[in-house]
Amino acid sequence: MSDDNKDTAGRPGPRERVIGTPSPAREKALLAEDDISAPAGVGDQLDEASAKRAERIVATLFLVAFAASVAFIAYFIGWSGRDGGMHGVSRARESNLWLGGLMALSFLALAFGVTIWVRRLMTSKPIVQERHELAADEETRAAFTEDFLEGADDSGITKRPLLRRTLLLAAAPLGLAPLVLLRDLGPLPEKRLRHTYWGEAVKKAQAEGKKGARLVVDGTNKPLRVSDFSSPGSMITVLPEGIEEELPEDQVLTQNAKAVTILINIPADQFKPAKGRENWHVNGIVAYSKVCTHVGCPAALYEQTTHHILCPCHQSTFDATDAAKVIFGPAARSLPQLPLSVEDGYLIATSDYHEPVGPSFWERG
Amino acid sequence: MSEATAPKAVEAPLTFLDDRLGSTTFFKRNMKKVFPDHWSFMLGEIALYSFIILLLTGTFLTLWFQPSMTETVYNGSYTKLQGVKMSEAYASTLHITFDVRGGLLMRQIHHWAAILFMASILAHMLRVFFTGAYRKPRELNWLIGIGMFTLGMLEGLFGYSLPDDLLSGTGLRITQGVAESIPVVGTYIYMFLFGGEFPGQDIVPRLYMLHILLIPGLLLGMVTAHMMIMWVQKHTAMPVKNQSEQQVYGYPFYPVFMAKTGAYFLFTFGVLALLGAFAQINPIWLFGPYDPGAISSGSQPDWYMGVLEGALRIMPNWEVSAWGHTVSFNVLIPALVPLGIVFGGAAAWPFVEQWVTGDKRHHHVNERPRNAPVRTATGIAAVTFYGLLWVAGANDVIADKFHVSLFATTWFFRVAFFLGPIVAFIVTKRICLGLQRKDADVIGHGVEAGVIMMSPDGKFSERHEAPREEERHVLLSKENTRPEAPARDAKGIPAPGTKGPIGHLRSRLNRAWTFDDIPVEEHPHGEQAEIEGGATSHEVRH
């Protein structure tokens, strides 16, 4: 490596030093070596002895790469596939380390080998090339223009405006074709974003003569009794009854994504029911949409001491005691509230959300 | 020498090609193409090689991945999720991870390569910006570069959305919210993108097609154009000795550059393999399948989406509802404005600079960042702007690790977002001018030798020495500028272009660009001799 730095040799060395003064700085370079010259290769002449040494090093590295590649193949066939292939976490981890490590070793040994080859063994002279003018000369440009105009003339497009205009006219609808063809990408929004499965569930329940739809716990799908949810400060995720069983399989997640609701038990002394929603809660148990009104992440973090609901994506914060009003962050609207009641000891929703859940949109109003 | 014949294995295919394509003319002309050398010229190469590695590993992954959202019950070898309902996309990703030999490795290399791809493009673009390498005639390649970075963001977002795990589903949910915020057509875009309501059954197959066909195809075309333009225009060079606007100095493509760049591909692949083997990334099996009601705290996108995430987080909650319509500025502004400023500004910059400086010449030799203080300061201001938003995307992590209030971090970024770039601009410009002053001093008076001399009458002075030839060349690469005199014709009437508000704006900007430039130039006589002989007049003032 040291023989790459020959270009410092011609510089004046430290001069005689006056006693009592600091020694002259040994390296007075103003710029990093990179900014000055670009040493690549060994230059014109090869020093045979050091070249021999470099050759041995490079060959060793190439042999290492070869050995690593062979080991990679051997491991792949022999070990990672033993007992009929990979199964499970520990085997995946083991095989990842061996395969990745050997692959890295193989590539890096090759890379270092080639690099040392270039830097220690390749004779190379820096060369100079002219940068040619990029633009064509005036004559060529003029000749081109002439040919171009002549071609346009020959084609008649300049002389026959009728042809030109009808051609453009014919092309215009073709340009719109992709837009038309993409129409069936999805349904029109219509009123889809305005209601959730709660509405359907409530309607169904009322058709059976009940007051409303039961709340089932997300995960277990068990209806929730008021007595099961009586400790103040707790929070649980609920869904409308029947969402899992009555919907076609491909609809479940989509309906779930709108209907998902958080149920919070707020101590009675801290709860401030909003105007017009005085009977939407059951002894301080309130239900809010879990879909953040900012961009739709689940507002899933609930802090028992402050009764704040926090969305972990962008930190919009809502006050559970006060109609889930926004108290911090980028969300602009409160989480919609679901009217609750009790029937036969079970918590029920008496209607759908009264406003669209989730992020705002143009037609929302 | 002319008697030399190539080995048959080379000669035969070359002759075959030449007989049919006349390709030898091309090879002859380009084999010895000169590539100037500088470490920073390698940054773009990392991006190129990452892209190739992405194509290779991505092809591997497509052999097993099922782009389907049909529900299935997992019964593969990962015991913790056995019996769990999930989409086929997630199940097949688990299959690749745990049941395909080398599958986890390919997944991890693919993801790391995507991260490296974007990071190296950004680093490369910063190098190009700060050295002025985007100047005429290279504006087209600059625009292609911005296009590739933007497409890379989409490609990455779509890619990490495919496994349909909890984190990727959350990313798509945010995409839905952003789509909905677009005025007038937002809900239509949302419905057409997802084929109905979120998440539906269509989004993964659609993103898959975009991720493996359309966007990589566009990127490949742009990469090709980028390389061909670079080849035709020849690479820029650093302003060092032997480089000039007329000539390029360096090492030939064959064999030196070819071997070096080949080694560089191997280095890139080797390092990515190391990362894939030893650094876990996106462990989707820990996140679980997507469930719209679930989320984990500290959900973070890949780094290149962080800037959008940060913008969404620090935006105040402005929303307007009037005449039955709602516009959510709290989503719309952060989604469009910051990146619009950065990418739009970057795209317009070469042309704005030309207009302001009036410099329509070709530039093949790069400029040192200090010698264009306004450009460098603007660049650092943009870096600060982008960087602050990017870090703001991790404000919950910052609040957690440093035990500060989450709300305080939000407010910090809301303020810093406006002040940071301004401070960065001012400080950077002063540093540039200070460095110009230092260069002027070195050229004018030489370098401090560290040798203190005592004159016969007892005065102490420090000897100054002339800088080395190579250093002088670099320092003198600076083009000194002055504000333009207003263009007037012989009768003293201002040229039409200088009149009107636009003309005045241009003269003002031109003045701002140039007025405090510090000339770095050799003094024709006197001081030069002084340096050679060891200075006598420079007293030690410290």
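Lettering of chains follows the sequences in order, A, B, ..., and the numbering in each one begins at 1.
The shortest distance between side-chain heavy atoms of A/R131 and B/H362 does not fall below 4.5 Å. The side-chain heavy atoms of A/F328 and B/W411, taken from C-beta on, include a pair separated by under 4.5 Å. Residues B/F267 and A/L110 fail the side-chain proximity criterion, which asks for heavy atoms closer than 4.5 Å. Contact of the A/P359 side chain with the B/Q176 side chain is registered, since non-hydrogen atoms from C-beta on lie closer than 4.5 Å. Put simply, the side chain of A/L134 does not reach to within 4.5 Å of the side chain of B/K136, judged on heavy atoms. Residues B/F407 and A/T317 form a side-chain contact, since some pair of their non-hydrogen atoms from C-beta on lies under 4.5 Å apart. Here the side chains of B/K234 and A/H132 are in contact, with some heavy-atom distance below 4.5 Å. Using a 4.5 Å heavy-atom cutoff, the side chains of B/I295 and A/C313 are in contact.
Contacts of B/T97 with chain A are made by backbone atoms alone, with heavy-atom separations under 4.5 Å and no side-chain atom involved. With a threshold of 4.5 angstrom between heavy atoms, B/V185 does not approach chain A through any atom at all. Contact annotation for B/I109: only side-chain heavy atoms (C-beta onward) come within less than 4.5 Å of a heavy atom of chain A. Proximity to chain B is absent for every atom of A/L102, based on heavy atoms less than 4.5 angstrom apart. Residue A/R183 touches chain B through both its backbone and its side chain, counting heavy-atom pairs closer than 4.5 Å. Residue A/V252 does not touch chain B at all, counting heavy-atom pairs closer than 4.5 Å. Within the 4.5 angstrom heavy-atom criterion, no atom of B/Y264 approaches chain A. In this structure, the portions of B/A237 lying under 4.5 Å from any heavy atom of chain A include both its backbone and its side chain. Contacts of B/H473 with chain A are absent, with no heavy-atom separation under 4.5 Å from either backbone or side chain. Both the backbone and the side chain of A/V295 come within contact range of chain B, each with at least one heavy atom under 4.5 Å from a heavy atom of that chain. Contacts between B/E309 and chain A at a heavy-atom distance below 4.5 Å involve backbone atoms as well as side-chain atoms.
One distance of note links NE2 of A/H294 with OG of B/S181; it measures 8.5 Å at 0.5 Å rounding.
Note: A/P189 leads A/A104, A/G186, A/P189 in heavy-atom pairs under 4.5 Å with chain B. Comparing A/L193, A/N256, A/L188 by heavy-atom pairs within less than 4.5 Å of chain B, the highest count is held by A/L193. Highest contact tally toward chain A, considering only B/Q246, B/M315, B/E197, B/E71, is held by B/E197 [criterion: heavy-atom pairs under 4.5 Å]. Ranked by heavy-atom pairs under 4.5 Å with chain B, the first of A/A259, A/G358, A/C292, A/A331 is A/A331. The choice from A/D218, A/T115, A/I262, A/T237 that makes the most heavy-atom pairs within less than 4.5 Å of chain B is A/T115. Of the listed residues A/V260, A/V291, A/L182, the one with more heavy-atom pairs under 4.5 angstrom with chain B than any other is A/V291. With chain A as the partner, the residue from B/V331, B/L274, B/L312 showing the most heavy-atom pairs under 4.5 Å is B/L312. Ranked by non-hydrogen atom pairs under 4.5 Å with chain B, the options A/Q255, A/E249, A/R192 are led by A/R192.
A side-chain donor from one of A/E363 and B/T187 sits under 3.5 Å from a side-chain acceptor of the other.
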